[in-house]
Engineer: 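Next up is a structure, given as structure tokens.
Throughout, a chain's letter reflects where its sequence line sits, starting with A, and its residues are numbered from 1.
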Amino acid sequence: MIAKKQRVMLATAGDEGLVDGLLAREAGQWLFEVKQDGYRVVAAGEDGQVRLWTRNGIDCTSAYPEVVRALNDQPYQDFEIDGEVVVRDASGQARFELLQQRGGIAAARAGVEEELAATYVAFDILSLDGVDLTPITLDRRRGLLGDAFEFGGALELSELLEGDAAELLAKECAAGGEGLIAKRTSSGYRAGRSRNWYKLKCLRRDDMVIAGYTEPKGSRVGFGALVLGMNEGRRLVYTGRVGTGFDDATLKSLAKRLAKLRTDVCPFASVPPGLGAVNWVTPELVCEVGFGEWSSSGKVRHPRYLGLRPDKEATEVRRERQLPEVKLSNLDKIYYPAIEGTKGEVVSYYDLVAPLMLAEIADRPLVLERFPNGVKAKGFYQKNTPDHVPDYISRVRVDSNSGDSISYSVVHDEAGLRYLANQAALVMHVLLSDAADPAHPIEIIWDLDPTGDDFARVQQAALLLKDRLDDLGLAPRVKSTGSKGLHIHIDISDQPGVVGYDMSRAFASRLAWELVEEAPNDFSLEFSKKERQGKLLIDVLRNGHASHAAAAYSLRAVPEAGAAAPISWEEALDPEFRPRQLTMRNMAERLSAGIDPWADRAAPTSTITGAAEKLLG
DNA sequence: GGGCCAA
DNA sequence: TTGGCCCAACGCCGG
DNA sequence: CCGGCG
């Protein structure tokens, strides 16, 4: 029977026999330990000098000073113990990636011990006070280990699990662990002809959408690897690739099916960086993939193809990521005094809009406008990402207009938004590019910004611009800025890497000029308020390299907590409409009514290059 | 909001 | 330990 | 020439 959507985890195929067979038959003769996701390290104390060695004999003593200290601080000075160095995340789960962030086995960076504290999980002892313990049985060695050392802090004693192998393994896998190590209690250290220990690995499996494939290399037939994705919110996100688990017949038949689905359009919301050449396909085939674990960048580790799932709909393949917990603080602090809006409300607001907002700003460089003391106090802009942000927020370097480059924050998920909200980043701006390709804009924005509260003139400009963009086949969208004006957007992502900022800004200026020529008393490109004489500013400078605009669904720093909200053209042109009428307070009602004006955005029927020609010609 | 640096 | 500083970039103004 | 403002 084909199982339902599985987040179920099983032992690997080989282990099932082991668990049901040997380990069940010899119940009671085996003990189990949690498989630690770290580096195997032998710690040797000699004349009060502790050294740490990897299994292949590399000295890594200086990499884990806190472990060395803990071992120096013991009643015995001469010993040799076996264990695993791990770094735990906030929830106590050992994670290999965190360990790697310490910089491998080189000497530890200063300060890393607080950030990414290492723990040595001891599970065996080889010698004590010069006495070789390897011949005696495992359970006696364990007893000695437990008695001879004082555990705590950076030194832990590996927990022994006793009982039914299948039950223990199921429990560990369900808890998100890596697996178990089974060891024969009567065995000496590395002794015996028969195997006296086994790894029991948890295997995750999930359905994934096939988004593309790579060309085969060498004698390989069909294709090299499948490029995989899963839906998150309304985006298809890259989840890694799988190149093993196929036989030749599968390779050939699948290659044939995929060839028919070939397309030039990358189906991912943003092209995964560093993927190399991929033949994209229309994302409609679903396959099941077995894998070891999720990496923190959301890709499968040790993936294995398990077969097609013709019974599954690609659009229903979702990833519900277990998001990292975001520490929140000061939730009762007032950020919007005029409406007594608290930080807690701000966080809830961003939770609420996250699915729609992420569709617009995930994987794009962000500029933050932060108000730790509320909107009435002075805030500050932040472009560079501080060193201390959690790893579920990433960075992208973009050359700035003035010399040096800037490391912008990039969020990928709800956790990122929550973190920023908790950081009082009330207003979030985006650059007009994807993080993967900062040199090329993916949209053009006309910012209609009235000098006073002259919204009628904003609407007049919006309508003129809309008509022109419609005529050019560019499918304009509109959003309320949440403050005074409107933003008119068009998508130009249909030719990735073709349109540069020079061209998009030139195009934006050109249209803006036409508006100014048409109504020179109403509109102006002039930045200075004085020169502008109360006319409406059509701000096209936002389309320059490294320029930014308030993101869809971002809150604004106005007293009533206005939100920059996608709106329909009907709303935008309604004489009653005001940009601040959509706020942190009423967005929930709007969204639960299913209002999502940009959901079914029309695809442009013309490219920007085509439109530019039409405009000039 | 939170790290850093100078008292 | 505490307290101030910093966290964009530009052009414009007035002092 | 500098600091605050938009």
Side-chain angles (χ1 to χ4, degrees), chain A residues 109-116 326-336 342-347 350 364-391 393 395-411 415-433 438 447-454 481 483-485 501 505 524-551 554-559:
Chain A
R109 295 197 309 277
V112 80
E113 296 170 41
E114 276 105 71
E115 230 178 284
L116 300 161
V326 180
K327 277 187 221 115
L328 300 173
S329 57
N330 269 329
L331 293 179
D332 292 330
K333 187 163 180 178
I334 300 285
Y335 277 176
Y336 287 97
T342 62
K343 186 207 265 201
E345 279 183 84
V346 170
V347 172
Y350 279 108
R364 289 174 64 176
L366 298 179
V367 173
L368 308 175
E369 220 182 322
R370 297 179 51 194
F371 296 86
N373 294 309
V375 293
K376 279 194 80 177
K378 189 155 25 175
F380 59 93
Y381 275 88
Q382 182 174 296
K383 291 187 176 178
N384 273 301
T385 311
D387 287 333
H388 54 83
V389 302
D391 60 4
I393 289 179
R395 308 153 202 273
V396 59
R397 280 217 163 268
V398 178
D399 289 338
S400 79
N401 294 316
S402 59
D404 40 358
S405 70
I406 287 174
S407 172
Y408 290 89
S409 299
V410 179
V411 302
L417 281 185
R418 272 189 142 218
Y419 177 82
L420 296 182
N422 187 60
Q423 288 290 310
L426 299 185
V427 189
M428 305 186 198
H429 304 252
V430 269
L431 300 210
L432 306 195
S433 298
D447 178 11
L448 309 179
D449 188 14
T451 304
D453 278 327
D454 191 2
T481 62
S483 175
K484 287 181 174 176
Y501 277 99
R505 198 179 49 213
S524 166
L525 300 184
E526 187 55 58
F527 237 76
S528 139
K529 272 193 179 176
K530 201 168 166 184
E531 295 289 314
R532 206 155 75 218
Q533 299 289 0
K535 289 178 252 183
L536 169 76
L537 171 64
I538 304 172
D539 183 358
V540 293
L541 291 185
R542 306 205 162 270
N543 295 294
H545 169 73
S547 297
H548 52 86
S554 171
L555 294 177
R556 304 306 304 270
V558 295

Engineer: Drop me the distance from A:Leu537's CG to A:Asp447's CG, to the nearest 0.5 angstrom.
Structural biologist: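 Rounded to the nearest 0.5 Å, the CG-CG separation comes out at 7.0 Å.
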
Engineer: Between atom CG in A:Asp387 and atom P in B:dC4, what is the gap in whole Å?
Structural biologist: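 Those two atoms, CG and P, are 7 Å apart.
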
Engineer: Would you name the heavy atoms of A:Tyr350 and A:Leu417 that are closest together and state the gap between them?
Structural biologist: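 Result for this residue pair: O-CD1, 4.1 Å.
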
Engineer: Take the protein atom CG of A:Asp404 and the nucleotide atom C1' of C:dA9, then report the distance between them rounded to whole Å.
Structural biologist: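 Atom-to-atom, A:Asp404 to C:dA9, this comes out as 12 Å.
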
Engineer: Now, which nucleotide makes the Watson-Crick or G-U wobble pair with C:dA9, with each of the two distances under 3.5 Å?
Structural biologist: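 Its partner: none found.
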
Engineer: Among A:Val389, A:Val410, A:Asn384, find the one that has a side chain to side chain contact (heavy atoms under 4.5 Å, CB included) with A:Arg395.
Structural biologist: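 That would be A:Val389; it is the only one of A:Val389, A:Val410, A:Asn384 passing the side chain to side chain contact (heavy atoms under 4.5 Å, CB included) with A:Arg395.
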
Engineer: Quick one: A:Phe371 CZ to B:dG2 C1', roughly how many Å, whole number?
Structural biologist: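 After rounding, the gap between these two atoms is 17 Å.
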
Engineer: Which part of the nucleic acid does A:Lys343 contact within heavy-atom distance under 4.0 Å: base, sugar-phosphate only, or nothing?
Structural biologist: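 Sugar-phosphate: the residue A:Lys343, judged by heavy atoms under 4.0 Å, touches backbone atoms but no base.
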
Engineer: What integer distance in Å separates A:Leu368:CG from C:dA9:C1'?
Structural biologist: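 Taking CG of A:Leu368 and C1' of C:dA9, I get 16 Å after rounding.
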
Engineer: With rounding to whole Å, what would you report as the distance between C:dC7 and D:dG3 at their P atoms?
Structural biologist: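 It comes out at 14 Å once rounded to the nearest Å.
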
Engineer: From A:Met428 CE over to A:Gln382 CD, what is the distance, rounded to the nearest 0.5 angstrom?
Structural biologist: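 Those atoms lie 11.5 Å apart.
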
Engineer: How far, in whole Å, is B:dG2 from C:dC10 if one measures between their C1' atoms?
Structural biologist: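 So the two C1' atoms sit 28 Å from each other.
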
Engineer: For A:Ser524 and A:Glu526, which heavy atoms make the closest approach, and how far apart are they?
Structural biologist: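 So the minimum-distance heavy-atom pair works out to OG-N, 2.8 Å.
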
Engineer: Give the rounded distance in Å between these two atoms: OH of A:Tyr381 and P of C:dC10.
Structural biologist: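 Going from OH in A:Tyr381 over to P in C:dC10 covers 14 Å.
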
Engineer: For the side chain of A:Gln423, starting at C-beta, report the closest nucleotide among C:dA9, C:dC7, B:dG2.
Structural biologist: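 Selected nucleotide (nearest to the side chain): B:dG2.
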
Engineer: Figure out the CG/P separation between A:Leu541 and C:dA9, and round it to whole Å.
Structural biologist: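 To the nearest whole Å, that distance equals 16 Å.
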
Engineer: For the side chain of A:Phe380, counting heavy atoms from C-beta on, which of B:dG2, C:dA8, C:dC7 is nearest?
Structural biologist: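 Of B:dG2, C:dA8, C:dC7, C:dC7 is nearest to the side chain of A:Phe380.
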
Engineer: In this structure, how many angstroms lie between the P atom of C:dC5 and the CG atom of A:Asn373, rounded?
Structural biologist: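 In whole Å, C:dC5 P and A:Asn373 CG are 15 Å from each other.
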
Engineer: Using atom CG of A:Leu431 as one end and atom P of C:dA8 as the other, report the distance to the nearest whole Å.
Structural biologist: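 For the pair A:Leu431 CG and C:dA8 P, the rounded distance is 13 Å.
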
